Amino acid sequence: MSDDLFTLAAACAHDPLRWSSVAWDWGQGPLAQIDGPRAWQAEILTAIRDHLADPETRFQPLQIAVSSGHGIGKSALMGMISNWALSCHVGARILTTANTEAQLRTKTGPEIRRWFTLSLTAPWFDLQATAIKARDPAHAEGWRQDFVSWSATNTEAFAGLHNQGRLVMLLFDEASNIDDKVWEVAEGALTDANTILIWVVFGNPTRNSGRFRECFRRYRHRWVTRQIDSRSVPGTNLAKIEQWRQDHGEDSDFFKVRVRGEFPSQSTRQFIAGSDVEAARSRVLRPGQYHFAPVILGIDPAWTGEDAFVIALRQGLHARILASFPHNDDDVAMANLIARLQEQHRADAVFIDAGFGTGIVSAGKALGQSWRLVWFSGQSPDPGCLNLRAFLWREMRDWLKQGGGLDPADLELAQDLIGPETVPRLDGKIQLEGKQAMKSRGLPSPNRADALALTFTAPVSRGPVAAPTFAVDSPV
């Protein structure tokens with residue numbers, strides 16, 4: 001290969017936009033109908049260029065998240081970025097994954113390899129099914145791009161990606177369905193000093209929870225974000241898109257996800273809609289507004305481990321978390337705390353999850369308290385719900401829709417509420433996934449939301465604690 005091409009590659013080390021403009025024969029052969037990177041692709045390439053051009057940011061992690069509708073050319077951009085990184089940075093390391101092994105093997109990998117085949121530097125690289133390696137024998141094993149399927153129980157491949165003093169790149173395709181545990185481990189690859197660190201994630205916004213969603217919400221200050229409407233990109237099937245608009249509506253979740261690149265109001269199996277939670281957080285409600293309503297405390301205990309011990313309060317349409325601790329290992333101390341809060345807030349009823357709450361209730365009896373144990377696995381008073389937990393969460397969901405208000409600063413409660421998904425059943429009963437199922441998806445146990453749900457256990461009157469209208473203190 002000519003010295004001119006090596007010189008060009010070196011000159012483009014900090015400029016992927018320039019490289020992408022000259023490394024392919026735009027307007028010719030397979031690219032005859034394309035005159036260069038699309039406008040949105042150029043924006044991403046420019047963001048990388050500007051980050052690397054500034055010595056102050058060059059060795060700080062650059063994180064880019066692209067949420068889009070279908071057909072915008074995200075795989076093509078992954079190919080361009082990959083080729084730039086390996087062509088212009090000796091010893092670069094890239095790790096690429098996707099939502100499923102099939103996606104990685106049949107779509108993401110082949111599309112990236114296609115852009116290497118068409119590049120001016122095609123002879124420099126050995127294209128394999130699971131990797132792209134430099135042909136230079138002195139660097140082949142350390143100068144490469146690997147296509148790795150992920151597993152929530154086996155994340156070693158993502159934990160060991162380091163490349164001190166060179167370039168490290170992570171590429172996630174269809175990132176909405178990549179487990180949060182993979183994200184957490186992958187983030188550890190962005191710690192090398194004096195190293196170019198780039199993490200780019202792409203996806204259709206199919207889920208309204210998870211780390212991809214949080215790139216645009218909770219962690220948006222850490223990410224360069226773009227949401228791409230398919231209608232704004234040349235080459236998409238506008239006639240088909242118009243059919244979708246007519247059939248489903250401009251504001252439908254179907255159209256938001258597949259065309260507008262926006263996250264759905266509610267994922268397919270998500271039980272509580274994010275829009276309902278956001279509306280509740282926007283309501284400014286104070287306890288004094290509901291002085292006529294009973295004050296109810298819900299307690300979701302935790303003994304040890306990652307789960308939290310949470311105490312929630314609800315009065316009318318107002319609710320908030322009173323206290324949260326990493327875990328409980330002293331039932332007597334927790335019982336004393338609950339008793340103090342009950343007195344302080346003049347609570348009319350206290351409902352405690354029986355999972356780890358039996359000792360607390362026993363300690364409460366010694367203090368003269370008559371708190372209620374609640375078995376989430378107990379029988380639902382409504383046959384449309386599989387168990388009591390599903391019933392309580394449905395009551396909580398309806399309360400949110402009817403005007404319930406939440407603390408706008410409590411992001412953890414908001415995330416807890418939208419986390420659980422339903423489990424499909426042939427009998428049509430509402431069943432929520434268990435905590436272990438949520439953890440397998442990388443989501444924490446929704447302790448704050450469970451505590452709030454407990455406040456819906458039974459009707460309560462202002463004054464003495466009312467007896468429940470159905471059994472809550474015996475498992476089925």
Side-chain angles (χ1 to χ4, degrees), residues 271-273 275-301 310-324 334-353 357 360-361 364-365 367-374 376 378 380-382 385 388-410 412-414 416-417 446-473:
F271 188 64
I272 295 180
S275 56
D276 289 338
V277 174
E278 291 306 306
R281 296 178 67 210
S282 69
R283 301 184 186 111
V284 181
L285 305 177
R286 297 177 299 277
Q289 294 177 253
Y290 302 98
H291 59 86
F292 54 86
V295 177
I296 308 170
L297 300 185
I299 290 90
D300 187 29
V310 182
I311 302 174
L313 177 148
R314 182 173 63 86
Q315 184 177 26
L317 292 175
H318 170 82
R320 69 183 188 276
I321 301 300
L322 293 182
S324 179
M334 291 298 103
N336 276 283
L337 171 62
I338 295 168
R340 289 197 301 272
L341 291 174
Q342 182 180 12
E343 180 179 3
Q344 176 184 342
H345 296 279
R346 300 177 61 191
D348 300 291
V350 177
F351 298 108
I352 302 177
D353 176 23
I360 296 172
V361 171
K365 288 181 180 179
L367 299 173
Q369 305 294 336
S370 55
W371 301 328
R372 293 277 180 175
L373 275 177
V374 182
F376 274 142
S380 165
D382 185 334
C385 299
L388 187 56
R389 182 172 184 249
F391 173 79
L392 297 181
W393 272 72
R394 192 189 68 180
E395 294 292 290
M396 181 168 61
R397 181 188 66 180
D398 293 346
W399 172 82
L400 288 167
K401 289 179 176 292
Q402 293 162 6
L406 303 173
D407 180 357
D410 194 342
E412 289 183 70
L413 176 57
D416 278 3
L417 289 166
N447 301 99
R448 297 170 87 87
D450 275 338
L452 179 57
L454 286 163
T455 67
F456 296 90
T457 295
V460 176
S461 299
R462 192 72 169 114
V465 177
T469 57
F470 53 87
V472 298
D473 48 5

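This one's a predicted model, so the numbers in the text were calculated from it and none came from an experiment.
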- Residues forming a side chain to side chain donor-acceptor pair (under 3.5 Å) with Asp407, sequence neighbours excluded: none
- Between Gly404 and Arg283, what is the shortest heavy-atom contact and its length? O-NH1, 2.5 Å
- Partners of Ala335 by side-chain contact (heavy atoms from CB on, under 4.5 Å), sequence neighbours excluded? Ile360, Ala363, Leu367, Trp371
- Query: Residues in side chain to side chain donor-acceptor pair (under 3.5 Å) with Gln369, at least two apart?
  - Reply: none
- Item | Residues that Asn447 engages under side chain to side chain donor-acceptor pair (under 3.5 Å), provided they are two or more places apart | Asp300, Ser445
- With no hydrogens and no angle check, is any side-chain donor or acceptor of Trp399 less than 3.5 Å from a backbone partner on Gly316? yes
- Return the minimal non-hydrogen interatomic distance between Arg448 and Val310, and the atom names on each side. CA-CG1, 3.9 Å
- side-chain contact (heavy atoms from CB on, under 4.5 Å) filter on Ala323, not counting sequence neighbours, yields Ile311, Phe325
- Item | Minimum heavy-atom distance Ser282-Ala279, with the two atoms named | OG-O, 2.6 Å
- Message: Using 0.5 Å steps for rounding, measure from the CG atom of Leu313 to the CD atom of Gln342.
- Response: 11.0 Å
- Task: Look at Arg281 together with Asp410 and state whether they make a salt bridge at an N to O cut-off of under 4.0 Å.
- Result: no
- Note on the structure: salt bridge (charged side-chain N to carboxylate O under 4.0 Å, His left out) filter on Asp353, not counting sequence neighbours, yields none
- May I have the step-by-step check of side-chain contact (heavy atoms from CB on, under 4.5 Å) for Leu406 and Leu452, ending in yes or no? CA-CA 11 Å; Leu406 303 173; Leu452 179 57; 4.1 Å; yes
- Query: Say you draw a straight line from NE2 of His291 to CZ of Arg346; how long is it, rounded to the nearest 0.5 Å?
  - Reply: 12.0 Å
- Item | Atom pair CH2/CG of Trp393 and Asp450 - distance to nearest 0.5 Å | 5.5 Å
- List the steps and the verdict of side-chain contact (heavy atoms from CB on, under 4.5 Å) for Lys365 and Val361. CA-CA 6 Å; Lys365 288 181 180 179; Val361 171; 4.3 Å; yes
- Query: If you round to the nearest 0.5 Å, how far is CZ of Phe391 from CZ of Phe456?
  - Reply: 10.5 Å
- Message: Which residues pass the salt bridge (charged side-chain N to carboxylate O under 4.0 Å, His left out) test with Glu395, not counting sequence neighbours?
- Response: none
- Note on the structure: Arg314 meets the salt bridge (charged side-chain N to carboxylate O under 4.0 Å, His left out) criterion, sequence neighbours left out, with none
- Message: Testing the basics here: between Ile352 and Gly357, what is the closest heavy-atom pair and its distance to 0.1 Å?
- Response: CG2-CA, 3.9 Å
- Item | Point-to-point distance, once rounded to the nearest 0.5 Å, from CG of Leu454 to OG1 of Thr457 | 5.0 Å
- Message: Using modelled atom types and a 3.5 Å cut-off, is there a donor and acceptor pairing between side-chain atoms of Arg462 and backbone atoms of Asp348?
- Response: no
- Task: Find the distance between CG (Leu337) and CD (Gln344) and round it off to the nearest 0.5 Å.
- Result: 9.5 Å
- Query: Does some side-chain heavy atom of Leu317 sit less than 4.5 Å from a side-chain heavy atom of Gln289?
  - Reply: no
- Query: Is there side-chain contact between Leu388 and Pro381, with heavy atoms separated by less than 4.5 Å?
  - Reply: yes
- Query: If you look at every heavy atom in Leu297 and Leu341, which pair is closest and at what distance?
  - Reply: CD1-C, 4.3 Å
- Query: With sequence neighbours left out, what residues match Asp382 under side chain to side chain donor-acceptor pair (under 3.5 Å)?
  - Reply: Arg394
- Query: Leu392 and Arg389: side-chain contact (heavy atoms from CB on, under 4.5 Å), yes or no, with the steps?
  - Reply: CA-CA 5 Å; Leu392 297 181; Arg389 182 172 184 249; 5.8 Å; no
